[in-house]
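What follows is a short report on a single structure.
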Amino acid sequence: MPLVVALTLLAYAVVPLVEKLTLHWFVRDTDIRSRLIGNTLNDPLTDLLQQGNTTKINALLLRTIQDERLLAVGYCDGSGRLLYRTPTFPESLGCSLAGSKNSKVVSPLRKLPQGAVHIAIHHMEVEGKRMDDALILVNDMSFVEHRSADTRKYVIAFFALLGVITSVITVFVAHLSWRGWMEGVRAILRGEGILKPFSQPAVASELQPLVGDLRVLLRALDTERRFADDATITWSPDSLRKLLHKQLIGERILVVSNREPYIHNSQQDQIRVNRPASGLVTAVEPVMRACSGTWIAHGSGTADRDTVDQHDRVQVPPEHPEYTLRRIWLTKEEEKGYYYGFANEGLWPLCHIAHVRPIFRSGDWRQYVAINQRFADAVVKEADSDDPVVLVQDYHFALLPGMIRKELPKATIITFWHIPWPNPESFGICPWREELLQGMLGSTILGFHTPFHCENFLKTVDRYMETRIEHESSTISRRGQLTLVESYPISIQWPPPWQDTQPSVAQCRREMREALGLPPDHRIGIGVDRQDYTKGILERFRAVEKLLELHPEMIGRFTFIQVAAPTRSALDDYQAFEVQVRNLATHINQRFSNETWQPICLKAEHHDPEVINRFYRAADVCVVTSLHDGMNLVAKEFVASRDDEQGVLVLSQFTGAAHELHEALIVNPYHIEQTAEALHVALSMPELEQRERMLSMRALVRDFNVYRWAGRMLLDAARVRQREKLASRIGKEV
Ligand code: F6P
C-alpha cells in the first residue's frame with residue numbers, strides 16, 4: 001500500500017515534466033506546419049497582391065483556414081497595417097507581432113478569446129528577398145490541453161498500475177518465502193530433518209543455519225520434560241487419568257489387540273469368565289481401567305457371542321464395568337491363517353530367533369491382511385472423532401497402523417511391539433517384509449521394550465525401505481509421515497491388585513507345602529510361563545537336574561514348581577514342545593524322586609493370576625530362563641508379590657527385564673551349569689542380601705510401573721499432537 005501511494009506521488013511530480021516535453025513537441029510540429037503553409041501561400045499571394053485582386057486574396061485566405069487546426073490568417077504590410085484577414089482573425093491581435101525579424105514563432109501560445117493559440121509569422125519573400133510584409137498564422141492549440149489532460153491521466157494510471165503490480169509481486173514473493181519459512185518451522189516442529197527423502201529440501205535455505213540449533217533445542221526441551229515428568233510424576237491410575245484429561249483433553253483411548261482381556265466360556269451350562277495368560281493383557285488392562293475407552297479384540301471364548309450387545313460390545317470388568325470390550329469375530333479358517341499361521345508360525349519365531357524355523361505361507365499372509373483390515377474398519381467405526389488416540393498392540397497387527405492412517409490421517413497411532421525385533425538379516429527372510437514395515441510406519445509412535453530393539457528396527461528400515469532416518473531424534477520419515485521409534489519398557493500394575501486381600505507370605509508358604517505334602521522348611525522354586533518354546537522351560541529343568549547332580553544335599557529338600565499354561569496348542573511345534581516338557585519332567589522326576597518327593601511339579605494348566613500370586617509368595621526362588629523375551633512380566637510380578645522383601649529372582653540375560661532388574665541373578669539359560677549354580681546361590685542366599693536385592697528391585701517396579709509405560713507413550717503422543725496442531729495452525733496462517 002505505501003508503495004502505491006509513493007508511486008502515485010511520483011506520478012504527480014513527473015506529470016509537469018511530461019507535459020512540458022509534449023508541449024515542446026506540439027509547438028515544434030505546429031512551427032513546421034506553419035512554415036509549410038506560409039511557403040505554400042507565399043507565391044500565389046504575392047501574385048494576387050501585385051494584381052491587387054482583393055477578392056481572390058480573401059478567398060485564398062479563407063480556403064487556407066479550411067485546415068482544422070488553422071484558426072485564422074492575417075496579412076500585415078511593412079508599416080504594420082492589417083490589410084487582409086479572415087473573419088476569424090482576432091481584432092486584438094492586430095499586427096503587433098508582424099515586426100518580428102525572423103519568420104518564426106514569436107509567441108507560441110497566447111490566451112485569446114478563442115482559447116490557446118499558436119501564432120506564427122511568415123515574412124513574405126519576393127524573388128528570394130525577404131519583405132517586411134508578413135502573414136500571421138493563428139493555430140488552434142486547444143487540443144494541446146486535451147492531450148495534456150489525457151497524458152496526465154495516463155501517466156498517473158501507469159504509475160498506479162505499476163504500484164499495484166509491484167505490490168502484488170512483492171506480496172507474492174513474500175508469501176512464498178514466508179510459506180517456505182513456515183514449512184521449515186513446521187518440519188522442524190514435526191521433528192523432520194534438514195533434507196526430505198530424495199534430497200528435496202524440507203527447510204527453506206535461509207532457515208538451514210538455524211535447523212541444527214532449533215532441533216537441539218527441541219530435543220533438549222523434550223529430554224528435560226521427560227526428566228521433569230519422571231521426577232515429578234508418581235505414576236498411578238490417577239496420574240494417568242489426569243494426564244489424559246490435561247494433555248490429551250479427555251481423548252477416548254482405543255486399544256487393539258488380538259487377545260481379549262476377558263474371555264467368556266461355557267462350562268457345564270454356566271458362563272465363566274477367564275483371564276488369559278498374557279503379558280499384554282496384564283499390562284494393558286489396568287491402563288484401560290484407568291483411562292476407559294474401547295478395547296477391540298478377537299472374541300475367542302465359547303460364550304463370547306452370548307454376552308455381547310447388538311454392536312458386539314460388552315462392558316468389562318464384569319464385576320464393575322469400567323470400559324468397553326468390542327469383539328471381532330473370526331472363522332476357524334481365518335484364525336488358522338492369520339493368528340496360528342502368519343503371526344505365530346511366521347512372525348513369532350522370526351522375531352524371537354529361538355531355533356524354530358519361521359514358516360511363511362501365501363494363504364496365511366492373505367488372511368493376515370484381511371483380518372488386519374477387519375480390525376482397522378472396526379477402529380474407524382469405534383472412533384468418535386477424526387483424530388482418535390489408538391493403541392495398537394503387537395505383531396498380530398503390523399499392517400493396522402497403515403490401514404488406520406489411510407482412513408483417519410489425523411489419528412495418533414501408538415503401536416507397541418511386545419516381542420523382540422531381530423536384526424535386519426533375520427527379518428529379511430520374511431517374503432512380505434516391505435509390506436510389514438510400511439504398515440508399521442503408519443504409526444505416530446512405535447514402541448519397543450529396549451533401545452536395542454529400536455536400533456534393530458531402525459537398521460531394518462534402513463536396509464529395506466526408502467526413508468529418511470534421523471538417529472539423533474530416533475525418527476523415520478516416509479512420504480510425509482513421521483514415526484518416532486522409542487523404547488518404553490513395559491511393566492505391571494503397582495500396587496498389585498491383590499495387595500490388600502492376599503494371604504500373608506507365611507500362610508502362602510504353609511498352604512503350598514501342605515498341598516504338596518512337603519515339610520515346612522522345604523525349599524521351593526517357581527516358574528510361570530505359557531508353554532512356549534521361547535521360554536526356556538527345558539533349559540530350566542536341565543538346570544534343576546544339574547543342581548541336584550552338583551549339590552546332592554538338595555535332593556529331597558528342593559522342589560521346582562512349573563506353572564505351564566497351555567498355549568497355541570493347535571500348532572505342531574507347540575504340541576511337540578508340550579510333549580518334550582512333559583517327558584523331560586518325567587525323566588528328571590524318575591531319576592531323583594523318592595516315595596514322598598519329586599523334584600519337578602509340572603502344573604500344565606491355566607491358573608488365575610491371583611492363584612499365581614500366591615505361588616510367588618510361597619517360593620524361595622523364581623526362575624525366568626527365556627531364550628529371548630521382549631520384557632517378561634513374570635519377573636516383575638514375582639518382585640511385586642514379595643512385600644516381605646524375601647525371595648530371589650534368577651533371570652535370563654535375554655529378557656528385556658534383565659536390563660532393569662540388575663539385582664536379580666542374571667544367567668545365560670543356554671549355560672546349564674551356570675543356571676544350576678545360580679539356583680544354588682539363590683537357595684543359600686542370606687536373608688539380608690535377599691532383602692537388599694528385593695528392596696531395590698521393588699523400588700524399580702514401583703516407580704517404573706505400567707502406568708508410567710502407558711503414561712510416557714501418551715505424553716509423547718500428546719507432544720506430537722501439540723506439535724502437529726501447532727504446525728497445522730502455522731500452515732493455515734500462511
Ligand atoms: O509376548 C507377546 C504376547 O502377545 C504377550 O504379550 C503375551 O503374553 C503372549 O504373546 C500371548 O500370546 P497369545 O495371545 O498368543 O496367547
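Because the structure is a prediction, the values reported are computed rather than measured. Whatever order the structure lists them in is the order used to number ligands and atoms, beginning at 1.
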Hey, does the Lys NZ or Arg CZ of R568 hover above the aromatic six-ring of W348, less than 6.0 Å from the centre and inside 45° of the axis?
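R568 over W348 ring: yes.
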I'd like to know whether ligand 1 has R530 as a neighbour, heavy-atom separation below 4.0 Å.
yes
G630: heavy atom below 4.0 Å from ligand 1, yes or no?
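False for this residue.
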Looking only at protein heavy atoms, which one is nearest to atom 15 (O) of ligand 1, and how far off is it?
Y339 OH, 2.4 Å
Could you name the option among R568, M631, R259 that has the heavy atom nearest to atom 12 (O) of ligand 1?
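The residue whose heavy atom sits nearest atom 12 (O) of ligand 1 is R568.
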Answer yes if the ring centres of [X] and [Y] are under 6.0 angstrom apart, and no otherwise.
X	Y	value
Y488	W709	no
H396	F375	no
H449	F416	yes

What part of L280, side chain from CB on, backbone N/CA/C/O, both or neither, has a heavy atom under 4.0 Å from ligand 1?
both
Counting only heavy atoms closer than 4.0 Å, does ligand 1 sit against the backbone of W348, its side chain, both, or neither?
side chain
N258 versus ligand 1: do any nitrogen or oxygen atoms come within less than 3.5 Å of each other?
no
Consider every N or O of D394 and every N or O of ligand 1, then say whether any pair is closer than 3.5 Å.
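In this structure, D394 places an N or O atom under 3.5 Å from an N or O of ligand 1.
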Under the side chain to side chain contact (heavy atoms under 4.5 Å, CB included) rule, collect the residues that match up with P321, sequence neighbours excluded.
Q315
For [X], take its heavy atoms, then give the atoms of ligand 1 lying under 4.0 Å from any of them.
X	value
S278	7 (C), 8 (O)
I419	1 (O), 2 (C)
G279	6 (O), 7 (C), 8 (O)

Kindly give the heavy-atom pair with the smallest separation between W432 and F360, and that separation in Å.
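Shortest heavy-atom separation between W432 and F360 comes out as CZ3-CB, 4.0 Å.
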Heavy-atom closest pair (C430 atom, L436 atom, distance to 0.1 Å) is SG-CD1, 3.7 Å
Hey, could you give me the OG/CH2 distance between S236 and W494, rounded to the nearest 0.5 Å?
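Going from OG on S236 over to CH2 on W494, the span is 14.0 Å.
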